[in-house]
Amino acid sequence: MKRSALLLILLLITFPATAIAQEQQPPKPTAEELEKQKEEWTKNAYRLLDQVIDESQSLRLPENRVRMQIYAADVLWDRDQGRARSMFMVAGDAVAELSRTNPETTTQRPGPNQVRRPSQLRQELVLTAARHDAPLAYQLLAATKPPLPVQPVDPRQPRQQQFNADDLLEQSLLAAVAALDPKLAAQNADQMLEKGQFPYSISNVISELRRQDAEAATKLADKTVKRLQSANLLSNTEAATLALGLLNPGPRIPSAADAAKPEDAKTSSQARGPVLDQSVYVDLLGSLIDSALKATPPTQQNQRGANNPRAARPGVARTVQVFRDDGTVITNQPSEAQTELMNARRLLSGLQRLLPQVDQNLPGRAQSVRQKLTEMGIAENNRGPMAQIANAFRGDVTADALIQTAATAPTQIQPRLYQQAAFKALEEGNVDRARQIATDHLSDQRLRDSVMQRIDLRELATKAEGIRLEQVRQSLSRLQSDNERIDLLLQLANDVAAKNPKAQRQLLEEARQITNKRATSYENFEQQLRVAHAFASVDASRSFEILDPGISHLNELLSAAQMLSGFETNVFRDGELPLQGGSALTSMVNRFGQEIALLAKTDFERSETLAGRFQFAESRIMARLAIVQGLLDVKPRPGSPVTFRVGDNSTVTFRP
C-alpha cells in the first residue's frame, strides 16, 4: 500500500502539468448540446431586444429613436420580417421629417453637426435596409429625399455649386445592392449611365453580376467603357474617377477568374479585383492616355505668389466656400479651363501608377507618358513609396515584404520599418530571423533592445520548464510605458496558453495588476478592456470583476458631462447622450458594451445585470443592444468606408 502511494506521488511529480491541466478541462459539448445552447442564446437575445425597444420609447432625441428603430429592424429581419419592415418605414418617416426641418434646407446658418445629422441617418437607414431587401432600400431612398436647399439666387455673386449628397448615396446603395441582387443593381447602373452618370461603384456591380450572369456582366462592362470614351474626361470629374478605378486593378484574366472558388469571392464593399477584359481594358487605357497628355505645365498665373507660404499647388484650382449674412453658402468655383487642367494632372498622376500596365499593354505610348510626367514635374513624386509604406503596416504583411519596403523607404522611417519586420518575424515563429533583422538593421540601441527583449521572453515561453515570472518582471521594468508592458504580457499569455494554462493565468494577473487602478484617461480604460478581453476565455468571472468598476466610473463621467453640457463639453445634446458618434465618452460606453456582449454567451444573467448598471438609459440601451447582437452573431452594420472625390480637393466618405 505504501509502495503504491509512493508511485502515485512520483507520477504526479514527473507527469507534465500541462497534461494534468488538459485532463481537467471539461469535455467539448456535443452537436446537440451546442444546438440547445444556440437556441437559448437566441431566446435570450430576442427577449432582451424587446426590452430595449420598450426602453427606447423614452428617448427624446429624434436621431436616437431613429437609430434604435434601424438597429432593431436589422436584428429582427430574420425573425419577424413584417415587424422589421414596419420599423424601417417608421424610421424613414422620421428621417424625412428631420430633413424638412433641418437648417440644411432653410436659410438659417447651421450649428455644429446639424447639417450632417439627417443625411447620416438617411445613409444608415437606406444602406441597412439594403442588406435585406433591395426594393425596400430604393423605396426608402426616394421617400427620404430631402428638399432642395433654400438659397436665393444673387446674380452679383459667383456661380454656386450644389453638393449632391443624394447622388452619392445612390451610388453607395448601388454597391450595397450588388451583393444582394446583382441583376437589379445592373439595371439601376444601366439607367444611371443612360442619364450621363458614372457611378464609382459600377465595378462592384460588374464583379457581383459576373457570378450570376457572365454575359450580362460583359455587356455592362463594355457599355460602361463606351460611355467613358464618349465623355470628356477632362471636364467630367466623375467619369475620370471611374476610369481610373476600373484601370487600377489591371485587366481581367478569364482563366484565373473562372477558376476562382465561390468561397474566395469578396463582398461588394471589398471587391477591388479586375473587371475589364483585356481588349476593353486596353481601349480605355488608350483613351485615358489621350486625355492625360493634354496636361500643360503650370504657369505663374496658376500661383498665388512666391512670397505667400500658403500658395496653391501649381495647376490646382481651389474652391472657396463663404457664409453670407443670411446663412447662404456661396461656392466660388474654378473656371472651366482650371478644372480641365486639374483633371488632366489627376489623370497623369493616375497614369504614373499605371506605368507597368502601359508598358505591357501599350508599349508604343509608354515613352510619351514618361516624357509628359517629367514635363509636369510628376515623375519624381513619392506617392509610390509612401503607398508601399502605408501597406507595410497592414496586419497581413510578411516580414520579408517589410524588409523590402524598408530598403527603399526614406532614411528617417527605416528603423521603425525594420523593427516592425523583426516583430512580424517573431509573430511568424521565426525567432532567428527576428534576431538577425535586429542585429543587421537596427543601429538604434533602444529599438534593438525592445526587439531582443521580446525575443528573450518568447524563447522563455516556449521552453519546456515554462516561463518564470521574475524574469518577466525584470523585462517589464525595462519597458517605457504600461501599454508596452500590457502588450508583452498579453502576447506571452497567448503563447503559453496551450502548453501551460497556469502560466497563462499568472501572466494575465500581472497585466491585471497594472490596470487595477482608477482610470485617468481613455487610454487607461482601453487597457482595462484589453485585459478583460484576454480573461474572457480563461476566467469569465475575472472579466466581470474588471468591467464592473469601469462602469461605475463611466457613470460618474456621464453625470459630469451632462452637468457641464454647453459649458466645457458638448457630449450630451438636448440633455441626452447620442447613441452614436460625437464623443470619445460615447465610444467608450460602446466599447464596454462590446466586452459585456462577449461574456453573454458564458453567463447571460450576469452580463444583463452588468449592462443594467449603467445609470443613463442611453448607455444601458447601447450595452444591451451589443449583447443582443453578440448572441445573434449580427455583423456590424457599417462596412468599409468608400471615399469619393467630389471636387478639386474635396472628398465625401460613405460606409456601405
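- Nearest heavy atom pair, residue Val275 against residue Ala221, reads O-CB, 4.4 Å.
- Ser543 places a side-chain N or O within 3.5 Å of a backbone atom of Ala536 that can act as its donor or acceptor partner.
- Side-chain contact between Leu354 and Asn248: present, with at least one pair of heavy atoms (C-beta onward) separated by less than 4.5 Å.
- Nearest heavy atoms, Ala540 versus Leu599: CB-CD2, 4.0 Å.
- Between Gln436 and Asp432 there is no side-chain heavy-atom pair separated by less than 4.5 Å.
- Rounding to the nearest 0.5 angstrom, the gap separating the CG atom in Leu293 from the CD atom in Gln371 is 10.0 Å.
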*Let me see the working for Gln491 and Asp487 under side chain to side chain donor-acceptor pair (under 3.5 Å), right down to the final yes or no.*
CA-CA 6 Å; Gln491 182 63 55; Asp487 280 342; over 6 Å; no

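- Looking at heavy atoms from C-beta onward, Leu174 lies out of side-chain contact with Asn204 at the 4.5 angstrom threshold.
- The existence of a salt bridge linking Glu526 and Arg530 is excluded, since no basic side-chain nitrogen approaches an acidic carboxylate oxygen closer than 4.0 Å.
- Remark: the Ser287 side chain and the Gln229 side chain contain an N/O donor-acceptor pair separated by less than 3.5 Å.
- Note: Arg346 CZ to Leu244 CG = 6.5 Å, rounded to the nearest 0.5 Å.
- Between Arg473 and Glu510 there is a salt bridge, with a side-chain nitrogen of the basic residue lying less than 4.0 Å from a carboxylate oxygen of the acidic one.
- Of all heavy-atom pairs between Gly593 and Ala626, the closest is O-CB, 3.4 Å.
- Here the closest heavy-atom approach between residue Ala421 and residue Ile403 is recorded as CB-CD1, 3.9 Å.
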_Working for side-chain contact (heavy atoms from CB on, under 4.5 Å), residues Asp482 and Glu523_ = CA-CA 10 Å; Asp482 283 348; Glu523 182 181 41; over 6 Å; no

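- A salt bridge is defined here as a Lys NZ or Arg NE, NH1 or NH2 lying under 4.0 Å from an Asp or Glu carboxylate O, and Glu428 with Lys424 fails to meet this definition.
- Distance check: Asp539 CG to Arg512 CZ gives 11.5 Å after rounding to the nearest 0.5 Å.
- Between Ile486 and Gln528 the shortest side-chain heavy-atom distance does not fall below 4.5 Å.
- Atom CE of residue Met622 and atom CD of residue Gln594 lie 11.5 Å apart, to the nearest 0.5 angstrom.
- Judged by distance alone, the side chain of Arg210 and the main-chain N or O of Ala217 form no donor-acceptor pair under 3.5 Å.
- Remark: the Asn361 side chain and the Gln278 side chain contain an N/O donor-acceptor pair separated by less than 3.5 Å.
- In plain terms, the two heavy atoms of Pro182 and Ala178 that are nearest each other are CG-O, 3.2 Å.
- Here the straight-line distance linking atom CD of Gln352 with atom CG of Leu348 works out to 8.5 Å at 0.5 Å rounding.
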_The test is salt bridge (Lys or Arg N to Asp or Glu O under 4.0 Å); show your working for Arg416 and Asp444 and say whether it passes._
CA-CA 10 Å; Arg416 287 293 182 184; Asp444 185 301; over 6 Å; no

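- In this model, no donor atom of one side chain and acceptor atom of the other lie less than 3.5 Å apart for Gln367 and Arg370.
- The side-chain heavy atoms of Leu554 and Leu585, taken from C-beta on, include a pair separated by under 4.5 Å.
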*Take Leu529 and Leu547 through the side-chain contact (heavy atoms from CB on, under 4.5 Å) test and state the conclusion after the steps.*
CA-CA 7 Å; Leu529 288 169; Leu547 294 174; 3.6 Å; yes

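- Here the side chain of Ser368 pairs a donor or acceptor atom with the backbone of Arg365 at under 3.5 angstrom.
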*Test log, rule side-chain contact (heavy atoms from CB on, under 4.5 Å), inputs Leu246 and Leu228*: CA-CA 11 Å; Leu246 290 171; Leu228 286 170; 3.8 Å; yes

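- Checked against ring pair (Phe, Tyr, Trp, His ring centres under 6.0 Å), His533 has no partners two or more places apart in sequence or in another chain.
- Side chains of Arg252 and Val280 form no contact here, defined as non-hydrogen atoms less than 4.5 Å apart.
- The two residues Leu288 and Ala243 come nearest to each other via the heavy atoms CD1-CB, 4.0 Å.
- Looking at residues two or more places apart in sequence or on another chain, you find a ring pair (Phe, Tyr, Trp, His ring centres under 6.0 Å) between Phe592 and Phe525.
- Residues Met588 and Arg591 are in side-chain contact: their nearest non-hydrogen atoms beyond the backbone lie under 4.5 Å apart.
- Residues Phe198 and Gln171 have side chains not in contact (no heavy-atom distance under 4.5 Å, counting atoms from C-beta outward).
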*For the pair Leu247 and Leu351, evaluate side-chain contact (heavy atoms from CB on, under 4.5 Å) and give the outcome as yes or no after the intermediate values.*
CA-CA 9 Å; Leu247 291 171; Leu351 271 178; over 6 Å; no

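- Under the 3.5 Å distance criterion, the side-chain polar atoms of Tyr418 are left unmatched by any main-chain donor or acceptor of Ala438.
- At a threshold of 4.0 Å, the pair Asp449-Arg446 does not count as salt-bridged, since none of the basic side-chain nitrogens sits closer than that to a carboxylate oxygen.
- Summarising the geometry, atom CG belonging to Leu285 is positioned 9.5 Å from atom CG belonging to Asp290; distances are rounded to the nearest 0.5 Å.
- For the residue pair Gln120 / Gln580, no side-chain donor-acceptor distance below 3.5 Å is found, with atom types taken as modelled.
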